[in-house]
Amino acid sequence: MPESSNEQRRIEESVDFGDPGIAAKEVDITSEDDAISIAHSKATTSEHDEERAETRPEPPATLTRTTSVMPEAVIVDRKNRRGLFGRLTVIPEVTNSYHYARKTKWFITAIVAGCAMAAPMGSAIVMPALQDIAVAFGASATVANMSVAVYMLSMAIFPLWWSSFSETVGRRTIYIISFTLFTLFAILSAVSTNMAMLVVMRTFSGGAAASVQAVGAGSVADMWEPKERGKAMGMFYLGPLCGPLFAPIIGGVLAQTLGWRSTQWFLAIYGGLTLLMILFAMPETLRRKESNPAPVPQPSSETTTARPELTRVSTRQSVQVATKSTLKTLRRYFLDPLIVLTWLRYPPVVLTVYYASITFGSLYCLNISITASFSAPPYSFKTIIVGLLYIPGSMGYILASVFGGKWIDKIMHREARKAGRYDASGKLVLRPEDRMRENAWIAAVLWPGALLWYGWTVQHGVIWIVPMIANFFFGVGSMLIFSLSSTMLTEFMPKRASAGIAINNFVRNICSFTGAVVAEPIIRAIGNGWFMTILGVWSLVTGLMVVWAMGRFGPRWRGKMVAALG
């Protein structure tokens with residue numbers, strides 16, 4: 001340990017406040033010169049508002065203030081670091097990821113966000129080039145859309161296994177394996193000789209990159225405490241939501257200048273660079289399991305002298321033991337990851353996942369509509385211009401990510417103070433349901449209304465800027481839902497954070513797969529106006545019901561779920 005470890009201490013002091021309404025103020029003695037991998041000792045006291053005095057009619061005149069010191073990060077020896085090629089990391093692994101310096105936490109969060117950009121980028125980068133792909137292989141537009149649809153389907157299924165394995169082998173190992181596969185399948189997609197090969201290779205490519213969709217949120221939860229997790233999760237989601245911002249623009253430029261295959265070569269290069277970043281800058285963040293070895297029984301005089309009795313085992317018994325071991329292994333690798341889907345029987349999980357899923361499905365219906373509508377009369381835009389039309393929605397995502405996460409954290413703290421929820425040490429007791437307040441009500445109205453706005457303006461051929469403004473507001477509203485739902489799911493099941501996100505990804509990508517398949521045929525049949533009206537009205541009514549139900553019954557439902565799952 002460095003010399004500064006002498007600064008670690010715990011101070012317990014009684015403070016006599018003349019006015020019992022005065023709250024203990026936060027004291028921070030942390031130096032701003034944080035090292036890149038080690039957090040200096042920090043002494044903080046719980047911050048109590050004057051609202052706490054109001055919730056307690058007879059506060060004591062003498063309060064006990066506990067000043068706790070965050071211990072210095074304990075670096076793991078290079079030879080004992082976990083994960084594939086763990087010795088290569090520049091940022092060392094520590095015994096508790098909470099103790100990383102804030103700068104280090106943000107740096108690792110940025111790396112994970114960059115990794116999370118790969119999967120949605122892979123689906124969106126081909127959207128401006130779908131017609132070129134259809135012409136190249138002599139396929140219909142619906143068949144070309146299948147390359148996007150099956151990509152989303154694989155993003156729904158594969159994270160169940162990535163999530164399950166990450167809880168045992170660690171985050172780093174999953175990242176390295178999955179991005180090696182992503183790079184390989186992107187190369188095979190680029191050299192595809194027919195439509196079937198392209199669809200199959202993109203299916204495996206999407207499944208490989210989707211590891212971050214489940215494991216990434218778990219990495220963020222590994223490092224950030226609940227009081228700051230909303231802001232961190234918002235920054236993390238900049239990655240998967242910047243993918244739809246940059247990918248159509250890049251895809252449009254590449255497809256128009258170098259052909260559609262260049263979009264897949266771009267993904268291969270991006271995957272390779274991401275893999276290098278993971279190898280050298282991504283330490284293992286999964287919490288180490290505490291080992292409690294059973295006490296070794298002291299040998300008695302009888303056991304020390306007697307030799308163990310030998311028993312005869314028949315060949316049939318030996319085969320039965322081997323068969324049971326094999327079946328147990330197969331179950332662990334193929335069936336156990338599916339068990340997390342049974343958690344959908346709990347109302348807090350199913351309602352949160354449902355709302356995030358219809359929002360995500362509507363997003364892909366909107367993306368398909370942009371490509372189909374603005375490449376045809378009366379707009380007839382070129383491929384590169386169609387790619388630029390995805391910018392307004394993504395700008396809404398970025399705005400909501402930067403400010404929405406911080407807003408959600410403030411709402412959560414405010415609700416806890418308002419309810420007077422403090423533990424024995426004076427810290428706020430935060431509940432996941434507190435995140436779903438006025439922000440959720442605003443979002444529940446904003447993005448369905450934006451769908452109606454977009455649908456009818458495109459239906460009547462209104463100048464392009466008008467539906468693009470609607471897309472901006474759709475981005476703001478939908479991102480608020482994505483951020484709070486993902487954060488809540490990590491808090492419903494804190495010991496299996498990545499499993500909660502995997503469930504979310506499974507259901508929402510099933511919805512996006514369905515949207516990518518049916519959107520264009522429905523638009524041709526009934527038009528953008530009525531299609532977006534059906535989506536918008538359904539989402540508005542059911543979304544408001546979800547927000548109301550979670551606010552009214554959420555704590556009771558979650559209590560039963562915790563009691564059942566332990």
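No hydrogens, no waters, no symmetry mates; every other heavy atom, side chains included, goes into these values.
- Note on ring orientation: taking the six-membered ring where Trp is involved, the planes of Phe381 and Phe374 are parallel (angle under 30°, cut-offs 30° and 60°).
- Between Tyr355 and Met550, the closest side-chain pair of non-hydrogen atoms is not below 4.5 Å.
- Between the side chain of Arg171 and the main chain of Glu284, no donor-acceptor pair closer than 3.5 Å is present.
- Closest non-hydrogen pair, Ser147 versus Val150, comes out as O-CG2, 4.0 Å.
- The neighbour count for Met195 CE, taken as heavy atoms of other residues, nucleotides or ligands under 6.0 Å away, is above 12.
- With a 4.5 Å cut-off on side-chain heavy atoms, Leu544 and Val445 count as touching.
- For the pair Ser97 (side chain) and Met223 (backbone), a donor-acceptor distance under 3.5 Å is absent.
- With Tyr354 as the partner, the side-chain hydrogen bond (donor to acceptor under 3.5 Å, both in side chains) test is satisfied by one option alone out of Thr359, Thr542, Asn504: Thr542.
- Ring centroid separation for the pair Trp456 and Trp530 comes in under the 6.0 Å cut-off.
- Heavy-atom neighbours of Met197 CE from other residues, nucleotides or ligands within 6.0 Å: above the threshold of 12.
- Within the model, atoms CD1 of Ile510 and OG of Ser357 stand 9.5 Å from one another, a figure rounded to the nearest 0.5 Å.
- Interatomic distance, CZ of Phe472 versus CG of Leu399, reported as 5.0 Å (0.5 Å rounding).
- Nearest heavy-atom pair, Gly259 versus Ser262, reported as atom, atom and distance to 0.1 Å: O-OG, 2.6 Å.
- Between the OG atom of Ser512 and the CD1 atom of Ile358 there is a distance of 13.5 Å, given to the nearest 0.5 Å.
- Looking only at distances, a side-chain donor or acceptor of Gln459 sits under 3.5 Å from a matching main-chain atom of Asn528.
- Closest heavy-atom contact between Trp343 and Val349: O-CB, 3.6 Å.
- Side-chain contact between Phe360 and Cys511: absent, with no pair of heavy atoms (C-beta onward) separated by less than 4.5 Å.
- Residues Phe182 and Ala208 approach most closely at N-CB, 3.6 Å, considering heavy atoms.
- Under a 3.5 Å cut-off, the side chain of Arg82 and the backbone N or O of Val169 do not form any donor-acceptor pair.
- Between Gln264 and Val126 the shortest side-chain heavy-atom distance falls below 4.5 Å.
- The local environment of CZ in Phe531 is crowded, with over 12 non-hydrogen atoms from other residues, nucleotides or ligands closer than 6.0 Å.
- Residue Ile249 holds its CD1 atom at 3.5 Å from CD1 of Ile391, rounded to the nearest 0.5 Å.
- No donor-acceptor pair closer than 3.5 Å links the side chain of Ser369 to the backbone N or O of Cys365.
- Between Val458 and Met532 the shortest side-chain heavy-atom distance does not fall below 4.5 Å.
- Between Ser219 and Tyr175, some side-chain heavy-atom pair lies under the 4.5 Å cut-off.
- Tyr100 and Thr285 form no side-chain donor-acceptor contact under 3.5 Å, judged by distance and modelled atom types alone.
- With rounding to the nearest 0.5 angstrom, the OG1 atom of Thr203 is 9.0 Å from the CG atom of Leu198.
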Check the pair Val212 / Phe179 against side-chain contact (heavy atoms from CB on, under 4.5 Å), numbers first and verdict last.
CA-CA 10 Å; Val212 196; Phe179 273 86; 3.3 Å; yes
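- For the pair Arg172 (side chain) and Leu286 (backbone), a donor-acceptor distance under 3.5 Å is absent.
- When atom types are taken as modelled, the side chain of Asp132 and the backbone of Trp260 share no donor-acceptor pair closer than 3.5 angstrom.
- Remark: the backbone N or O of Ile370 is not paired with any side-chain donor or acceptor of Ser373 at under 3.5 angstrom.
- The environment of CD in Gln131 is sparse: at most 12 heavy-atom neighbours from other residues, nucleotides or ligands sit within 6.0 Å.
- Distance alone, capped at 3.5 Å, places no donor-acceptor pair between the Tyr364 side chain and the Thr514 backbone.
- Residues Thr173 and Gly83 share a closest heavy-atom pair of OG1-CA, 3.3 Å.
- Defined by atom type and a distance below 3.5 Å, a donor-acceptor pair is present between the side-chain atoms of Tyr390 and Thr371.
- You'll find the ring centres of Trp224 and Trp106 inside the 6.0 Å limit.
- Residues Phe280 and Thr89 form no side-chain contact, since every pair of their non-hydrogen atoms from C-beta on lies 4.5 Å or further apart.
- Heavy atoms only, all atoms of each residue included: Trp162 and Ala210 are closest at CD1-C, 4.2 Å.
- For the pair Ser362 and Ser539, the minimum side-chain heavy-atom distance is below 4.5 Å.
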Take Leu181 and Phe204, measure what side-chain contact (heavy atoms from CB on, under 4.5 Å) needs, and give me the verdict at the end.
CA-CA 8 Å; Leu181 294 174; Phe204 289 121; over 6 Å; no
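- Applying the salt bridge (charged side-chain N to carboxylate O under 4.0 Å, His left out) test to every pair with at least one member in residues 514-530, sequence neighbours left out, gives these pairs: Glu520-Arg524.
- To the nearest 0.5 Å, the span separating CG on Leu88 from CE on Met282 amounts to 14.0 Å.
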